[in-house]
2 protein chains.
Amino acid sequence: MEIDTVRQQILEAAEARFSVYGYQKTTMAELAGDCTMSAANLYRYFDNKLDIGAALAKQSMLENEALLEQIVNDGMLSASEKLIAFTRKQLHYTYHYFESAPRLAELVEVITAQRPDVIAAHRHNKLTLLKQLLLAGQAAGAFTFDDVDDTSDAIHSATLLFYFPLTMSLYPLAIMEDKVVHVCQLLLKGLSPTV
Amino acid sequence: MEIDTVRQQILEAAEARFSVYGYQKTTMAELAGDCTMSAANLYRYFDNKLDIGAALAKQSMLENEALLEQIVNDGMLSASEKLIAFTRKQLHYTYHYFESAPRLAELVEVITAQRPDVIAAHRHNKLTLLKQLLLAGQAAGAFTFDDVDDTSDAIHSATLLFYFPLTMSLYPLAIMEDKVVHVCQLLLKGLSPTV
DNA sequence: ATAGTGAATATTTAATTTATTGTTCATTAT
DNA sequence: ATAATGAACAATAAATTAAATATTCACTAT
């Protein structure tokens, strides 16, 4: 049996349990039971419970990044459409994640506090994708800007409302959708070459 | 003795205690002692402890709004400078408030959960000021936009990072200052009339 | 060697009890 | 009437105890 196969099996059991009962209420014994092994044996695959949570969070963030990458590389979309789709995708991912599995908010909380590096890596990967998007738009003549790092950072800051977990409860999804459009329209005007 | 004078005295005692010890750790008996009266007598001026907290929060938000209003009405500043100053003022107010009195974050948390109307009113007042700022800029020929409500709402959403209490711990103040400038520059490009 | 376990131990969490504190009210002073 | 209080009561929070749970490890099976 491959070691990574077992690790993946554990992560799947963890995702199922964490989604329904939350991180804290899930015991190592339960995860072990789901994988038909003893609790002690889990420690041959992960150092501790927090590492299981961190691995799960990392995996989920990579999935999200893959979806965003698809948008950046989509040949059918204009640069402007990509920025809106990019922002809307983040909103939907974060929103639906917590709507379908509100208990997962607890995992995010724990990881944010105990493993900030995992969150920082995700932020870095998103900024890289955003830079790609901007540079492609610039090359196509759709965008103009001075500094690509400053600009991607500014867009990331300005769209915080749409991916920050704690802001998901501020407005219902329909209102958030409107806000995505209005914010992006304003940002896009700022990016458009003055005719 | 005026009833409002006593109310104000109570609020001042509450501000001093809440800042240092936090909302929860401050007892009605302590507030009463500070005002040289009995705990029971406090209830002749406020219905309950939460109302004291809400009145204090409301007062502090009104102070903040007054500072923002000064910026909007400042004859020395251009429309663009006003938008940057407006955003930076929110950052400094929120940031320093929690830096100098971190225990007050607890009060904000309680009021947000128990008296969302107080927060909503503040949001509404800020949006009104932002609309004034935008309309003045439009009249002066500095800004162009389609819908003033959509636009002020978009700017408010895009600058969330700079006034949302829970985001104050994301970055140090110096970094936040840079971000204010970069975000506002991008927004201002989006507002500027295409030449 | 590699995969796995049950039992022991050290942390956390939950339940229970005790102490504080928020709130009311009958009563007193002005 | 208005302002204020102390004592009573209900609701919260703190402290304590008991129970679960995470983690380790010596040991077994393959």
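Quick note on labels: first sequence line is chain A, next is B, and so on, each numbered from 1.
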[X] [atom1] - [N] [atom2] separation (whole Å):
{"X": "B/Asn41", "N": "C/dT30", "atom1": "CG", "atom2": "P", "result": "14 Å"}
{"X": "A/Glu2", "N": "C/dA3", "atom1": "CD", "atom2": "P", "result": "10 Å"}
{"X": "B/Arg44", "N": "D/dA4", "atom1": "CZ", "atom2": "P", "result": "6 Å"}
{"X": "B/Leu42", "N": "C/dT24", "atom1": "CG", "atom2": "P", "result": "12 Å"}

Check DNA chain C against [range] and give the residues with a non-hydrogen atom under 4.0 Å, in numerical order.
{"range": "residues 32-39 of chain A", "answer": "A/Met37, A/Ser38"}
{"range": "residues 8-15 of chain A", "answer": "none"}
{"range": "residues 52-60 of chain B", "answer": "none"}

Any side-chain heavy atom of [X] within less than 4.5 Å of one from [Y]?
{"X": "A/Phe143", "Y": "A/Leu188", "value": "yes"}
{"X": "A/Leu42", "Y": "A/Phe46", "value": "no"}
{"X": "A/Leu130", "Y": "A/Lys126", "value": "no"}

Distance-only donor-acceptor pairs under 3.5 Å for side chains of residues 169-186 of chain A, two or more places apart:
residue	atom	partner	partner atom	Å
A/Tyr171	OH	B/Arg123	NH1	2.7
A/Glu177	OE1	A/Arg88	NE	3.4
A/Glu177	OE2	A/His92	NE2	2.8
A/Lys179	NZ	B/Asp153	OD1	3.3
A/Lys179	NZ	B/Asp153	OD2	2.6
A/His182	ND1	A/Asp178	O	3.3
A/His182	NE2	B/Asp150	OD2	3.2

Atom pairs and distances, side-chain donor-acceptor, residues 21-28 of chain A, under 3.5 Å, sequence neighbours left out:
residue	atom	partner	partner atom	Å
A/Tyr23	OH	A/Leu50	N	3.2
A/Thr26	OG1	A/Gly22	O	2.8
A/Thr27	OG1	A/Glu30	N	3.0

Base, sugar-phosphate, or nothing for B/Tyr45, non-hydrogen atoms under 4.0 angstrom?
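B/Tyr45: backbone/sugar contact only, no base atoms under 4.0 Å.
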
Counting primed atoms plus P, OP1 and OP2 as sugar-phosphate and everything else as base, spell out the protein contacts along nucleotides 8-22 of chain C at 4.0 Å heavy-atom distance: B, S or - for each nucleotide, 5' to 3'.
-----SS------SS

Ion pair present between A/Lys82 and A/Asp74, side-chain N to carboxylate O less than 4.0 angstrom?
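Between A/Asp74 and A/Lys82 there is no salt bridge, as every charged N stays at least 4.0 Å from the carboxylate O atoms.
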
Using the ring of each side chain (for Trp, its six-membered ring), is A/Tyr163 parallel, tilted or perpendicular to A/His156, with breaks at 30° and 60°?
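Parallel.
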
